[in-house]
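The next block holds one structure in the form of structure tokens; read it before the comments.
What you are looking at is a predicted structure, and each value in this text was computed from that prediction instead of being measured. Each chain gets a letter, A, B and so on, in the order its sequence line appears, and its residues count up from 1.
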Amino acid sequence: MSAPTAPIEPGSTTAAPASSAPDTADRGQGGVELSSVTKRFGDTVAVDDLTLSVASGEFFSMLGPSGSGKTTVLRLIAGFEEVTSGTIAIAGTDVTQAAPFDRTVNTVFQDYALFPHMTIAENVAYGLRVRKVGKAEQQQRVAAALEQVRLSHVADRLPHQLSGGQRQRIALARALILQPRVLLLDEPLGALDKQLREQMQIELKQIQREVGITFIFVTHDQEEALTLSDRIAVFNNGRVEQVGTPREVYEYPQTAFVAGFLGISNLIDAAHAERLTGVAKAISVRPERVRLMDARTEPAAHESCIDGTIVETVYTGPTTRYIVDTADGLRVIAERHNDHAPSDTAPYHRGDAVRAVWVTEHAAVVP
Amino acid sequence: MTVTASPSAPRAAQSKPLSTLLYRHRWLRLAGLLSLPLTWLVGLYIVSLVLLLVTAFWFIDPFTSKVIPGFTLENFALVFSEPAYITTSLRTLGIALAVTLLSAAFAIPLGIFMAKLASPWLRAVLAVAITLPLWAGYLVKILAMRITFTEEGFFNWLMAPFGISGPGFSILTVVLTLTYLWFPYMALPVYTAIRQIPVNLFDASADLGARGFTTIRTVVLPLLWPALLAGSVFTFSLSLGDYIVARFVGGANAQMIGSIIASNINLNPPVAAAFSVIPIAFVVIYLVVTRRTGALERM
């Protein structure tokens with residue numbers, strides 16, 4: 001608030017161009033703290049008493065279905081929306097009341113939001129231009145930023161002449177050129193097709209490692225969140241259901257929603273679980289941890305099992321999924337790697353009576 | 001189905017000879033399409049304009065005041081040498097430009113408010129409010145302005161306690177009245193263009209460090225440029241050709257090109273015709289300039 005533009009442009013004083021090394025120490029302080037943040041739109045509560053802490057340099061994902069409040073949180077951090085109550089601090093400074101142009105964050109928008117009347121170079125230079133950075137330095141830094149996303153050859157084109165993936169990278173370059181402490185990404189890969197998306201995921205991860213700043217990444221794609229993130233916050237109905245590393249939220253879901261939203265989960269309710277394990281607590285077990293056996297084979301002592309009939313088999317390429325219904329109305333999905341000879345069909349078929357088995361302690365207790 | 005289908009198939013092939021004829025002859029189709037509008041355009045529009053231009057080279061008999069066909073450049077010489085005529089031409093140009101600038105200055109903030117900030121209900125109300133003046137008669141609006149700005153009028157009555165007296169009937173009042181008349185032609189294209197600017201361009205600009213005015217200057221105005229030019233073609237050319245406003249709210253010193261043409265129409269038609277070329281020339285120059293920017297493609 002007091003010195004709005006000073007911390008944003010350390011590069012302009014050092015005159016050294018480039019994006020990476022020289023001022024990493026200065027930008028080390030890129031944490032984001034949200035305390036009891038609530039946002040209402042009329043009667044709708046978009047974000048409900050949210051407290052969240054993102055560490056400096058972290059790749060932090062906000063994952064949730066549409067309407068879960070994750071994008072609103074991003075817009076609150078960027079300053080496009082005002083909180084109804086609560087506080088937001090970026091790099092230790094309270095920015096709750098600060099305008100977007102006074103915050104040391106930059107945003108990559110979902111549909112890129114490139115200025116249609118400006119060339120690619122002018123788009124990337126925009127932040128420097130409004131900060132009145134000298135022409136020579138602008139050119140130097142734009143060249144470096146375009147180099148970083150490997151698009152130097154499109155500098156003189158207009159945004160509509162670029163492909164979706166290229167526009168995405170330009171949006172990234174435009175945001176990174178200001179060397180923000182925190183980069184906010186609002187479903188940046190949502191509009192790309194699957195192959196390009198996977199390629200961009202790797203690129204994003206590399207760029208984040210290179211520049212070493214905090215990335216806050218909004219997505220509804222659980223696989224994307226698992227692939228990219230250091231930590232994930234799973235959103236539902238304006239609240240955070242769970243925060244943790246990809247492994248934590250996937251293997252140890254704290255709520256039924258998290259278990260169901262991240263991948264396929266066999267959620268076994270408390271009553272059934274009690275019969276199986278003796279403890280009346282719901283459990284979640286992932287399909288890839290469930291094996292199928294002949295119904296007459298005895299499981300080992302450390303394993304749990306349920307008997308049922310295969311009602312459907314789903315061939316997905318690398319794996320085959322078996323949907324097994326038990327006599328008492330439970331449905332269990334088992335996933336099996338197709339490691340048999342390619343010419344063979346899978347060893348189990350629809351209608352087979354089978355026993356679904358898993359190592360008891362591989363099932364996560366859902367509190 | 002089969003019963004009804006079989007007799008209808010041959011009939012479709014035989015009947016409607018006109019359609020078949022038109023289908024076979026491309027020129028007939030074009031003629032059918034264009035004969036009416038072309039008669040209108042060429043017969044009335046262009047021929048009458050050409051007649052006007054031709055008249056500008058004729059002269060009148062000084063004794064009988066009868067128009068005599070011939071060829072003289074004296075009418076043009078008069079238009080370009082008579083100081084009063086030159087002043088009037090420049091004044092008219094100035095008024096038309098002022099009306100255009102004033103309309104744009106009102107339309108841009110209003111358009112931003114309507115397109116990006118107003119609730120849907122308020123937006124609808126404002127859209128009606130902008131277009132409402134178009135529904136009222138032209139003279140009605142001029143008389144309304146006359147009543148407002150006359151010596152004992154509403155404006156002077158309202159401002160008297162503050163010791164302010166209004167512009168009366170003057171060039172300023174002419175500019176205000178013309179703006180009042182033609183503002184919708186500027187406001188609507190500008191509003192439509194602002195609506196088409198994605199909201200996140202405003203967000204992106206703020207995100208990259210630009211304050212409100214910088215965003216308007218660097219993002220909104222460039223994207224609005226075609227709409228502004230399209231609107232200005234209307235405000236500019238309509239103001240250029242007007243003379244009734246000058247007559248009713250202009251007072252003694254606000255004569256426009258139209259005023260002079262009007263007073264010469266009966267007295268000296270060739271001079272009136274020669275003078276008519278001036279606003280046409282202004283508009284043509286304006287259109288050529290705007291055409292270069294590609295703005296007319298949006299109209």
Side-chain angles (χ1 to χ4, degrees), chain A residues 4-9 12 42 71 74-81 98-119 122-133 158-159 167 170-171 173-180 182-187, chain B residues 104 107-108 111-113 115-123 189-232 289-299:
Chain A
T5 49
I8 306 171
E9 36 173 327
S12 68
T71 295
L74 198 82
R75 292 177 61 79
L76 288 169
I77 299 173
F80 305 141
E81 311 280 354
F101 44 76
D102 287 333
R103 301 192 185 196
T104 53
V105 299
N106 287 114
T107 308
V108 175
F109 292 85
Q110 186 169 13
D111 44 9
Y112 321 132
L114 298 179
F115 303 119
H117 58 295
M118 296 184 200
T119 65
E122 285 168 347
N123 262 285
V124 175
Y126 188 76
L128 302 176
R129 179 179 149 203
V130 300
R131 281 183 177 73
K132 307 209 161 51
V133 173
L158 288 169
R167 270 183 256 177
I170 294 304
R174 185 178 69 173
L176 284 174
I177 200 170
L178 295 172
Q179 306 176 325
V182 180
L183 187 72
L184 307 173
L185 302 104
D186 184 8
E187 309 221 13
Chain B
I108 293 168
I112 292 176
F113 176 76
K116 300 297 172 202
L117 300 170
S119 65
W121 181 83
L122 187 57
R123 184 183 303 154
V190 166
Y191 161 67
T192 314
I194 295 175
R195 275 203 86 164
Q196 285 168 354
I197 301 177
V199 186
N200 64 14
L201 290 190
F202 290 81
D203 286 345
S205 183
D207 186 72
L208 293 165
R211 278 135 225 274
F213 280 112
T214 312
T215 300
I216 289 180
R217 190 169 51 81
T218 56
V219 177
V220 179
L221 273 182
L223 291 173
L224 274 191
W225 198 231
L228 282 170
L229 289 180
S232 72
V289 171
T290 50
R291 203 191 123 79
R292 292 216 161 172
T293 67
L296 295 181
E297 285 146 34
R298 283 238 184 154
M299 286 172 79

Closest non-hydrogen atom pair, F115(A) against L201(B) | CE2-O, 3.5 Å
For P222(B), check side-chain contact (heavy atoms from CB on, under 4.5 Å) against everything at least two apart and list the hits.
-> H117(A)
Sorted by chain and residue number, the side chain to side chain donor-acceptor pair (under 3.5 Å) partners of R195(B) (sequence neighbours excluded) come out as Y191(B)
With sequence neighbours excluded, tell me which residues meet side chain to side chain donor-acceptor pair (under 3.5 Å) with Q110(A).
-> none
Residue-level interface, residues 122-129 of chain A with chain B, non-hydrogen cut-off under 4.5 Å = Y126(A), G127(A), R129(A)
Under 4.0 Å between a Lys/Arg side-chain N and an Asp/Glu carboxylate O for R75(A) and D207(B)?
-> no
Minimum heavy-atom distance P116(A)-L223(B), with the two atoms named | CG-CD2, 3.7 Å
Which atom names give the shortest non-hydrogen contact between A204(B) and R174(A), and what distance separates them?
-> CB-NH2, 3.6 Å
Looking at M118(A) and V219(B), what are the two nearest heavy atoms and their distance?
-> CE-CG2, 4.4 Å
Supply the atom-to-atom distance N200(B) CG to D111(A) CG, rounded to the nearest 0.5 angstrom.
-> 4.5 Å
At a heavy-atom separation under 4.5 Å, does L114(A) approach chain B through its side chain, its backbone, both, or neither?
-> backbone
Given the rule in the side-chain contact (heavy atoms from CB on, under 4.5 Å) test, do D102(A) and R211(B) qualify, once you have shown the distances and angles that lead to the verdict?
-> CA-CA 9 Å; D102(A) 287 333; R211(B) 278 135 225 274; 3.3 Å; yes
